[in-house]
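Lettering follows sequence order; numbering is per chain, from 1.
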Amino acid sequence: MIGLCDMRSFYASCEKVFRPDLRGASVVVLSNNDGVIVACDPESKAAGIKKFEPYFKQLELIEQAGIHAFSSNYELYGEISSRIMDTLAALAPNDIEIYSIDECFIDFGGVPPEQLKPLGRSFRDAIWQEQRIRMGVSIGPTKTLAKLGQYATKVLPKIEGVCVLEHEHQWQWLAERVAVSEVWGVGRRLTQKLKAMGITTAAGLAAMSEANARALQGITLVRTIQELNGEAVIDMELEPPPKQQIISSRSFGQKQTHLQSLQEAASNHAARAGEKLRAQSSVCYRLSAWAETSRFETNRYSDDLCMSFPGGTADSRTLSRAAADVMARVFRQGLRYAKVGVVLHDIRAASFSQRDLLIPENRASGQVMQLMDGLNKRFGSGSVKLARQAGATRFAMRRELKSPNYLNSWHDLPRIRVN
DNA sequence: TCTGGGGTCCTAGGACCC
DNA sequence: TCTGGGGTCCTAGGACCC
């Protein structure tokens with residue numbers, strides 16, 4: 001059996017941990033640059049707040065309803081997350097897979113069925129006790145059914161946040177009552193297509209033939225259906241598989257009009273992507289970079305170019321030079337750029353990389369990068385960077401409503417006033 | 001002032017080769 | 001009059017996730 005632990009409205013809950021005055025209040029959390037709302041608690045949802053809709057469009061509602069809005073504080077969420085995951089890893093009977101910042105799968109293999117529910121409940125209690133974060137625990141024979149069980153923990157108060165789907169009739173009962181859009185792997189587009197075919201519930205999807213599923217959405221949907229029927233085909237991933245593609249991109253806080261700005265930003269992204277590449281001991285053979293104006297401008301413009309590295313590279317200097325070169329070639333005077341980004345493709349394990357007879361090997365490259373990564377890890381990212389990269393505050397995000405870094409900064413430690 | 005996230009994987013279809 | 005293969009590589013765009 002596989003369990004799924006899911007933190008309730010995680011970012012919004014984190015904002016309440018050090019603000020007891022906000023417990024019971026409505027809270028939303030904004031994306032980078034205060035662009036869209038990425039997290040809302042049940043209270044703000046009830047007030048009509050929509051996730052992934054622009055903040056500025058919901059500002060009026062937020063003020064009217066007395067909702068507290070926060071810029072995202074990833075330092076805080078990341079720290080709380082890692083404490084939670086440590087606690088769960090220590091409690092878990094077997095391995096855990098950290099699936100996202102607020103979710104993890106737990107392998108419950110070998111646990112007697114009658115102990116699943118009490119165990120799930122004890123995990124939930126432990127996280128509330130130690131971190132003051134609400135968590136739902138759902139357990140089923142497959143990851144997709146465990147995900148489905150989360151729905152039950154949210155809408156059925158009597159199960160008190162813990163759902164165990166042990167027998168087929170239990171998940172069938174649930175699948176008949178859950179909208180197909182709630183199924184893991186079913187997004188907006190697929191929901192529409194399924195609706196046109198008369199499929200509106202998870203049970204309806206589970207009954208679809210493999211041929212139809214393959215035609216409709218390929219192998220991913222076939223797997224989803226197998227999992228809905230209790231056949232585990234999506235394995236636990238104890239260590240994340242190496243990425244086949246690495247992206248770093250970000251919208252600017254303010255529109256940029258100069259080539260040099262784009263180059264500095266693209267260099268940042270190349271360096272960040274390079275860090276991720278080295279972290280998984282890979283090299284890449286191609287890099288593409290792009291620059292775009294706002295999606296919402298009438299004359300939307302976007303251009304990209306690809307550069308290749310015949311011998312493969314994981315060196316931030318090579319990557320950032322390539323990214324800056326791309327910017328020089330796609331840049332157009334007079335445009336207001338909203339975003340640039342870098343993608344690494346053709347990623348292979350560094351140990352398998354072929355050396356090219358005609359390309360001199362830079363023996364020092366690995367050592368220089370290792371040193372750079374080590375310093376940045378120890379003294380904070382950005383402590384050592386390339387001259388081509390932007391200064392730390394150059395492209396500061398708009399984060400006007402950020403809470404203090406309660407857990408990562410001496411200056412931001414919570415203060416308690418004793419009268 | 002004037003606003004609109006970030007990241008990953010899959011696949012259909014084009015281009016090309018023999 | 002009307003037909004004509006099979007495979008690989010590459011990439012843009014689609015779709016999904018949180």
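Taking side-chain N and O atoms only, K143(A) has no distance below 4.0 Å to OP1 or OP2 of dC17(C). OP1 or OP2 of dG4(B) lies within a sub-4.0 Å distance of a side-chain N or O belonging to K255(A). Of the side-chain N and O atoms in K339(A), one or more sit less than 4.0 angstrom from OP1 or OP2 of dG6(B). Checking the phosphate oxygens (OP1, OP2) of dG14(C), no side-chain nitrogen or oxygen of Q217(A) falls inside 4.0 Å.
Residues from residues 188-204 of chain A that place a heavy atom under 4.0 Å from any atom of DNA chain B: there are none.
Within 4.0 Å of Y55(A), counting heavy atoms only, lies no atom of the nucleic acid at all. Nucleic acid contact for V342(A): none, since no nucleic acid atom lies under 4.0 Å from a heavy atom of the residue. At the heavy-atom level, K243(A) lies under 4.0 Å from the strands shown only through sugar-phosphate atoms. Residue contacts shown for Q244(A) are limited to sugar-phosphate atoms, with no base heavy atom under 4.0 Å away. Counting any heavy atom pair closer than 4.0 Å across all strands shown, S248(A) reaches sugar-phosphate atoms only and no base atom. At the heavy-atom level, I219(A) lies under 4.0 Å from the strands shown only through sugar-phosphate atoms. When heavy atoms are screened at a 4.0 angstrom cut-off, D34(A) is found touching no nucleic acid atom at all. Note on R214(A): nothing from the nucleic acid sits closer than 4.0 angstrom, heavy atoms only.
The NZ-P distance, from K276(A) to dG7(B), rounds to 5 Å in whole Å. Separating the CD atom of E53(A) from the P atom of dT3(B) is a distance of 16 Å, rounded to the nearest angstrom. Between the C1' atom of dG6(B) and the CG atom of L30(A) lies a distance of 15 Å, rounded to the nearest Å. The CZ atom of R250(A) sits 12 Å away from the P atom of dG5(B) (whole-angstrom rounding). Summarising the geometry, the separation between CZ on R336(A) and C1' on dT1(B) is reported as 10 Å, rounded to the nearest angstrom. Atom CZ in F52(A) sits roughly 8 Å away from atom C1' in dC17(C) (whole-Å rounding). A straight line from NZ of K51(A) to P of dC17(C) spans 11 Å, rounded to a whole angstrom. Rounding to whole angstrom units, CD of residue Q58(A) and C1' of dT3(B) are separated by 13 Å.
Salt bridge K16(A)/D41(A): present, at least one basic N to carboxylate O contact under 4.0 Å.
A distance of 8.5 Å separates CD1 of I67(A) from CD of Q58(A), quoted to the nearest 0.5 Å. Atom CG of residue L228(A) and atom CG of residue L221(A) lie 9.0 Å apart, to the nearest 0.5 angstrom. D303(A) CG to M327(A) CE: the interatomic distance, rounded to the nearest 0.5 Å, is 9.0 Å. Taking NZ of K255(A) as the reference point, atom OG of S294(A) lies at 5.5 Å (rounded to 0.5 Å).
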Any protein N or O atoms within reach of nucleotides 9-13 of chain C? Criterion: under 3.5 Å, listing atom names and distances.
unit_1: dT11(C); atom_1: OP2; unit_2: R286(A); atom_2: NH1; d: 2.3

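Seen from the ring of W128(A), R132(A) counts as a face-on cation partner, given the 6.0 Å and 45° thresholds. Cation-pi geometry between K402(A) and F70(A) is not satisfied (NZ or CZ under 6.0 Å from the ring centre, within 45° of the ring normal). Cation-pi contact between R250(A) and F395(A): absent, since separation from the ring centre below 6.0 Å together with deviation from the ring axis within 45° is not met.
For DNA chain B, runs of at least 3 consecutive pairs of the Watson-Crick or G-U wobble type, with both hydrogen-bonding distances under 3.5 angstrom, map to B:5-18 with C:5-18.
Under the rule for a salt bridge (charged side-chain N to carboxylate O under 4.0 Å, His left out), the partners of R286(A) that lie at least two apart in sequence or sit in another chain are D346(A). Applying the salt bridge (charged side-chain N to carboxylate O under 4.0 Å, His left out) rule to E275(A) yields no partners; only residues at least two apart in sequence or on another chain are considered.
Comparing the same atom, C1', in dC18(B) and in dG4(C) gives a spacing of 15 Å after rounding to whole Å.
Contacts classified as salt bridge (Lys or Arg N to Asp or Glu O under 4.0 Å) and involving residues 21-37 of chain A (residues at least two apart or in different chains) are given here: R19(A)-D21(A).
Here F296(A) counts as stacked on dG4(B): its ring centre is under 5.5 angstrom from the base ring centre and the planes meet at under 30°.
Note on ring orientation: taking the six-membered ring where Trp is involved, the planes of F18(A) and Y406(A) are parallel (angle under 30°, cut-offs 30° and 60°).
Nearest-nucleotide assignment on DNA chain B puts the 5′-proximal partner with S251(A), out of S251(A) and P241(A). Nearest-nucleotide positions on DNA chain B place G35(A) closer to the 5' end than the other of A215(A) and G35(A).
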request  = Carefully, step by step, assess V137(A) and L4(A) under the rule side chain to side chain contact (heavy atoms under 4.5 Å, CB included).
outcome  = CA-CA 6 Å; V137(A) 182; L4(A) 174 67; over 6 Å; no
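Comparing dC17(C), dG5(B), dT3(B) by their closest approach to the side chain of Y99(A) singles out dC17(C).
In this structure, F10(A) and I84(A) have side chains that are in contact, with non-hydrogen atoms separated by less than 4.5 Å.
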